[in-house]
Visitor: 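My structure is below; once you've seen it, I'll send some questions.
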Amino acid sequence: MNPNRIGRPMSRVEDARLTSGQGTYIEDMNPLPNIHHAAILRSPYPHAKIKAIRTDRAAQMPGIKGIVTGQDIAGMTAPFPVGVTAPVKYYSLAVGKVRFVGEPVAVVVAKNRYLAEDALEAIEVEYEPLPAVVDIEEALEADAPLLHEEVGSNVANHRTFDYGNVNQAFAEADIVLKHKFLYPKYSATPVETYGVIAHYESSGNHLTIWSNFHGPFTLQSVMAAALQMPSNHLRVIIPKDVGGSYGIKSGVFPYMVLMGVVSKKLGLPVKWIEDRQEHLMASSSGTDRVTWIEAAVRKDGTVTGLKMKMVDNVGGYIRAPEPACLYRTHSNSTGAYRIQNLFMETIAVMTNKCPTGLIRGYGGQQLYFPLERIMQMVADKLGMDPADVIRRNLIRAEEFPYHTASGGIYDSGDYHAAFEKALESVDYRRFRERQAQARKEGKYLGIGLACIVEPSGSNMGYITIALTPEQRAKSLPKSGCAEGATVSIDPSGGISVRISTTPTGQGHETVAAQIVGEVLGVDPRSVRVIAEMDTLTSPWSVASGSYSSRFAPIGSSAVYQAAGKIKQKLLNIASGQMNKPTESLDIQNGKVVALDDPQQQISLKRLIGSAHWNPQGLPAGVEPGIHETAFYSIPTALPPDENDFVNGSATYGFVADAVTVEVDADTGEVKILDYITIHDAGKLLNPLIVDGQIMGGLAHGLGGALYEELVYDQNGHFLTGSFMDYLCPTATEMPRVTIKHCETASPLTPLGAKGLGEGNTMSAPVVIANAVADALSPLGISIDSLPLSPNRIWTLMQEARNRTKLLKEEPVI
């Protein structure tokens with residue numbers, strides 16, 4: 001029998017080249033001779049008209065090959081398409097006006113980066129500063145500074161949704177809780193920043209771009225539209241190694257277009273590598289969000305209805321794939337809870353901040369922060385234990401597949417079992433006893449709980465929920481989450497796999513090799529996986545790419561099916577040579593074996609040789625060669641319907657977190673004592689890689705909870721432009737973490753796998769906030785914004801103590 005490769009820990013095959021310095025990143029690539037280097041001049045103003053750009057002096061400097069400005073861009077490209085009706089014109093360089101600090105204004109190309117940077121200082125830009133707005137609520141006001149006059153307001157997208165019977169739920173509620181929550185703007189700071197190499201060939205109007213862009217490849221059509229060229233004339237190549245992304249590198253696409261235009265105008269191949277200051281200031285980020293949430297609650301703790309008004313700050317421009325952050329979690333807006341009455345108002349507003357885009361957890365952390373906080377507030381209001389409120393509202397195992405109020409179809413799970421495992425692992429009751437004693441000693445100990453649903457594998461149709469049903473009806477329906485893969489075997493028996501999931505460090509090569517190894521009965525380490533992406537030669541679809549934790553449910557399924565096609569072809573060839581029906585044969589340990597007579601067997605090498613060297617000897621209907629491509633999608637990934645119901649994801653995992661903290665009474669510093677996280681991601685394809693992804697997601701979530709925020713002053717000036725001011729957690733800040741798993745296989749994927757790796761990015765901010773709120777509950781402190789930095793916590797504690805002092809000093813009448 002073949003050893004079971006899938007589901008077993010296996011060290012990553014990628015690491016051999018990465019740890020030996022043989023990785024190939026965008027900076028390592030010099031695919032053409034005579035590559036010149038670009039530097040970008042950026043706006044120091046958050047909002048200003050561009051009166052003039054004077055480049056003559058810079059153009060005359062030694063080694064300068066040319067300068068490109070917004071006037072050139074406006075003449076050579078169209079505005080980027082965007083999935084909303086608001087007429088926002090966004091170009092790769094500022095045209096006539098700048099709308100955030102760091103917006104590109106001009107590009108200098110020189111023999112090397114040093115000369116290009118020197119020439120930037122010689123460019124004179126005449127600005128007329130304009131009033132700026134960065135606050136979400138202020139940007140919504142009628143008299144707010146207007147970013148885009150043609151839009152008429154700062155609102156780029158506005159929709160309302162009404163599911164179930166919300167009015168009845170609130171009318172019949174015993175209590176109604178209301179609160180406003182603010183979620184901060186922060187980034188992902190991968191070690192490798194953006195990089196682009198562009199080469200335009202005038203002879204055929206062909207543009208080739210090498211970049212560490214990871215998709216989704218819907219953005220290939222966005223780039224082609226902006227460049228006004230046929231899509232097959234735009235070739236995008238992704239190197240096999242990308243130094244991290246966490247979603248952020250989808251935002252490199254405007255620079256890909258920019259460098260393509262620069263190459264076309266100057267007639268030179270051009271290379272641009274972003275520096276860290278540029279990345280923090282102007283690359284991309286998650287959205288900051290204001291949420292007003294209301295919960296209709298029975299006195300036993302059952303939540304019967306929710307109302308949420310969510311306003312996302314998409315920055316100076318709404319650009320693809322925004323406003324998707326508002327809608328990525330639309331189908332799981334009620335989280336892990338049995339709430340069938342839901343009203344939502346969603347608004348995307350533009351302000352003078354850097355534009356936003358994909359980021360790990362995309363919309364999940366913004367959703368779960370108010371949702372899981374309000375669940376704890378329900379418990380506080382009713383005098384119940386938060387664990388009991390969660391138990392009462394969790395979806396039950398017998399209810400799967402569970403249909404959410406907004407159209408999501410949760411494929412499988414046992415949420416109660418996973419939650420109880422979290423409580424048991426943190427020793428919940430014993431900690432409560434310890435907490436009570438600590439409070440007598442003047443210490444602030446707290447425990448936080450959170451249960452979240454982790455969607456994976458985007459149904460591309462969810463993005464169109466930004467449009468009304470009437471607007472959607474005017475165009476082709478959007479749906480699906482297709483991914484492709486190709487498996488080939490050469491004449492000597494070498495197996496290769498080409499994937500289009502553009503990995504950024506997640507171990508796709510390893511898992512793909514494990515899958516093919518198991519299906520074909522060979523050692524996975526003998527399988528070569530090609531992970532670099534080429535839009536002219538790779539199998540891909542608009543959904544392809546490395547985002548939305550889609551490899552496990554979708555990418556791996558495509559690999560599995562392609563390998564299955566290879567297996568079937570080999571069995572068909574063997575059937576003719578062994579005079580046995582195909583269904584009576586199997587591949588085991590490098591041979592095709594007759595199941596009714598294991599002594600009757602034939603080597604794979606001989607069968608492979610027949611397909612290549614003796615095609616005339618193949619059975620009727622069997623084509624020569626061994627090269628199979630498969631595309632996979634999920635049947636439940638349908639377009640939104642006329643009632644705005646949409647199943648936005650292929651599969652849905654579950655995360656239950658329990659966290660204990662101590663808040664320093666004098667400094668406000670939050671110390672995490674224990675972090676327990678329980679995951680149900682269906683069948684685990686490689687547990688070793690899984691736990692690594694969980695730790696990475698947790699680090700990102702920890703940053704959002706305690707450290708990271710892209711800060712602007714009230715006038716729109718950027719204040720956190722280096723790691724001196726923008727704090728990221730490192731290994732020394734990571735707490736003690738316990739990871740455990742439940743595995744309820746998905747019935748929708750051939751391997752039973754679901755996506756994993758973003759869950760703790762979504763759950764960590766709120767579970768830590770719940771723990772801190774619990775610790776500080778004796779002071780009456782409510783946590784409704786992040787990050788929970790020591791100065792913020794200290795200020796809250798001082799304000800609470802002053803209130804208590806004033807109450808004690810009030811005279812008795």
Side-chain angles (χ1 to χ4, degrees), residues 18 25-27 39-44 46 100-104 113-114 117 120 134 183-195 212 214 241-252 255 272-288 313 315 353-361 365 504-505 667-672 695-713 716-735 760-761 764-765 768 785-794:
L18 299 178
Y25 299 91
I26 187 68
E27 171 69 332
I40 297 174
L41 181 69
R42 298 179 180 276
S43 169
F100 63 95
V101 171
E103 182 170 4
R113 180 68 176 260
Y114 303 101
E117 293 278 0
L120 292 182
V134 294
Y183 199 85
K185 178 183 181 75
Y186 63 97
S187 189
T189 60
V191 172
E192 179 195 45
T193 56
Y194 290 174
N212 49 18
H214 66 64
D241 295 314
V242 176
S245 168
Y246 323 107
I248 292 298
K249 283 185 179 145
S250 72
V252 72
Y255 294 101
W272 170 72
I273 303 295
E274 180 186 53
D275 66 34
R276 181 59 63 184
Q277 286 72 29
E278 289 180 294
H279 187 79
L280 284 168
M281 176 171 51
S283 61
S284 186
S285 71
T287 62
D288 42 327
N313 181 357
K353 290 185 178 182
C354 170
T356 61
L358 293 183
I359 190 171
R360 195 174 199 164
Q365 48 269 57
T504 58
T667 67
E669 182 180 2
V670 177
K671 179 182 180 181
I672 298 176
M695 291 296 288
L698 177 54
H700 197 188
L702 188 69
L706 299 175
Y707 303 102
E708 299 184 44
E709 183 177 13
L710 294 168
V711 179
Y712 294 76
D713 70 16
H717 296 292
F718 186 55
L719 304 180
T720 48
S722 77
F723 285 145
M724 291 288 289
D725 303 299
Y726 185 87
L727 302 180
C728 295
T730 66
T732 58
E733 280 75 49
M734 288 297 289
N760 292 111
T761 307
I768 293 171
S785 64
L786 298 174
L788 299 174
S789 55
N791 63 319
R792 180 169 289 174
I793 296 297
W794 184 87

Visitor: Roughly how far, to the nearest 0.5 Å, is the CD atom of E669 from the CD1 atom of I793?
Guide: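 Taking CD1 in I793 and CD in E669, the distance rounds to 11.0 Å.
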
Visitor: Tell me if a side-chain donor or acceptor on T761 pairs with a main-chain N or O of G697 at a distance below 3.5 Å.
Guide: yes

Visitor: Run the side chain to side chain contact (heavy atoms under 4.5 Å, CB included) check on I273 and I26 step by step: do they pass?
Guide: CA-CA 8 Å; I273 303 295; I26 187 68; 4.2 Å; yes

Visitor: Between T193 and H279, is any side-chain donor less than 3.5 angstrom from a side-chain acceptor?
Guide: no

Visitor: Quick check: does any side chain N or O of K249 sit under 3.5 Å from a backbone N or O of E192, one acting as donor and the other as acceptor?
Guide: yes

Visitor: Apply side chain to side chain contact (heavy atoms under 4.5 Å, CB included) to residues M734 and L698 and explain how you reach the verdict.
Guide: CA-CA 9 Å; M734 288 297 289; L698 177 54; 4.2 Å; yes

Visitor: CG/D275 to OH/Y194 distance, rounded to the nearest 0.5 angstrom?
Guide: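 So the CG of D275 and the OH of Y194 are separated by 13.0 Å.
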
Visitor: Any pair with a residue in residues 277-286 that passes salt bridge (charged side-chain N to carboxylate O under 4.0 Å, His left out), sequence neighbours left out, goes on the list, sorted by first then second residue, please.
Guide: R42-E278, R113-E278

Visitor: Kindly give the heavy-atom pair with the smallest separation between C728 and T189, and that separation in Å.
Guide: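 Result for this residue pair: SG-OG1, 3.5 Å.
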
Visitor: Rounded to the nearest 0.5 Å, how far does CG of L358 lie from OG of S285?
Guide: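 With rounding to 0.5 Å, OG (S285) is 11.5 Å from CG (L358).
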
Visitor: Please report the shortest heavy-atom distance between P190 and R276, naming the atom on each side.
Guide: O-NH2, 2.8 Å

Visitor: Measuring from K353:NZ to N313:CG, what's the distance to the nearest 0.5 Å?
Guide: 5.0 Å

Visitor: Answer yes or no: is there a donor N or O on one side and an acceptor on the other, between the side chain of Y712 and the main chain of C354, under 3.5 Å?
Guide: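 Flag set: sc Y712 to bb C354 pair under 3.5 Å.
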
Visitor: Just by modelled atom types, is the A764 backbone N or O under 3.5 Å from a matching donor or acceptor in the N760 side chain?
Guide: no

Visitor: Does some side-chain heavy atom of T667 sit less than 4.5 Å from a side-chain heavy atom of P790?
Guide: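 No. Closest side-chain heavy atoms not under 4.5 Å.
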
Visitor: So, S284 side chain and I248 main chain: donor-acceptor pair closer than 3.5 Å or not?
Guide: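 Looks like no, no N/O pair under 3.5 Å.
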
Visitor: Identify the two heavy atoms, one from A705 and one from P765, that lie closest to each other, and give their separation to 0.1 Å.
Guide: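 In terms of heavy atoms, the two residues are closest at CB-CA, 3.7 Å.
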
Visitor: Please report the shortest heavy-atom distance between Y255 and A282, naming the atom on each side.
Guide: OH-O, 3.4 Å

Visitor: Check I768 against I672 and note the closest heavy-atom contact, atom names and distance.
Guide: CD1-CD1, 3.7 Å

Visitor: Is the closest side-chain heavy-atom distance between V101 and P46 below 4.5 Å?
Guide: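 With C-beta onward as the side chain, the pair touches.
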
Visitor: Decide yes or no on side-chain hydrogen bond (donor to acceptor under 3.5 Å, both in side chains) for T504 and H214, but give the supporting numbers first.
Guide: CA-CA 8 Å; T504 58; H214 66 64; over 6 Å; no

Visitor: More than 12 non-hydrogen atoms from neighbouring residues, nucleotides or ligands closer than 6.0 Å to CZ on F723, yes or no?
Guide: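 More than 12 heavy atoms, drawn from other residues, nucleotides or ligands, come within 6.0 Å of this atom.
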
Visitor: Donor-acceptor pair, distance only, cut-off 3.5 Å: does the side chain of N212 make one with the backbone of G195?
Guide: yes

Visitor: F718 and M281: which non-hydrogen atoms are nearest, and at how many Å?
Guide: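 Scanning both residues completely, I find the closest heavy atoms to be CE2-CA, 3.6 Å.
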
Visitor: Would you say the side-chain atoms of H700 pair up with the backbone N or O of S187, donor to acceptor, closer than 3.5 Å?
Guide: yes

Visitor: Please report the interatomic distance OH(Y707) to CG(L702), rounded to the nearest 0.5 Å.
Guide: 5.5 Å

Visitor: With sequence neighbours left out, what residues match T732 under side-chain contact (heavy atoms from CB on, under 4.5 Å)?
Guide: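 Expected list: T730.
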
Visitor: As an exercise, state the distance from OG1 of T287 to NZ of K185, rounded to the nearest 0.5 Å.
Guide: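 Those atoms lie 8.0 Å apart.
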
Visitor: Can any side-chain N or O of R792 pair as donor or acceptor with the backbone N or O of L786 at less than 3.5 Å?
Guide: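 Yes: the side chain of R792 pairs with the backbone of L786.
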
Visitor: Is a side-chain donor or acceptor of Q365 paired with a backbone partner of R360 at a separation under 3.5 angstrom?
Guide: yes

Visitor: Quick check: do D241 and L18 have side-chain heavy atoms less than 4.5 Å from each other?
Guide: yes

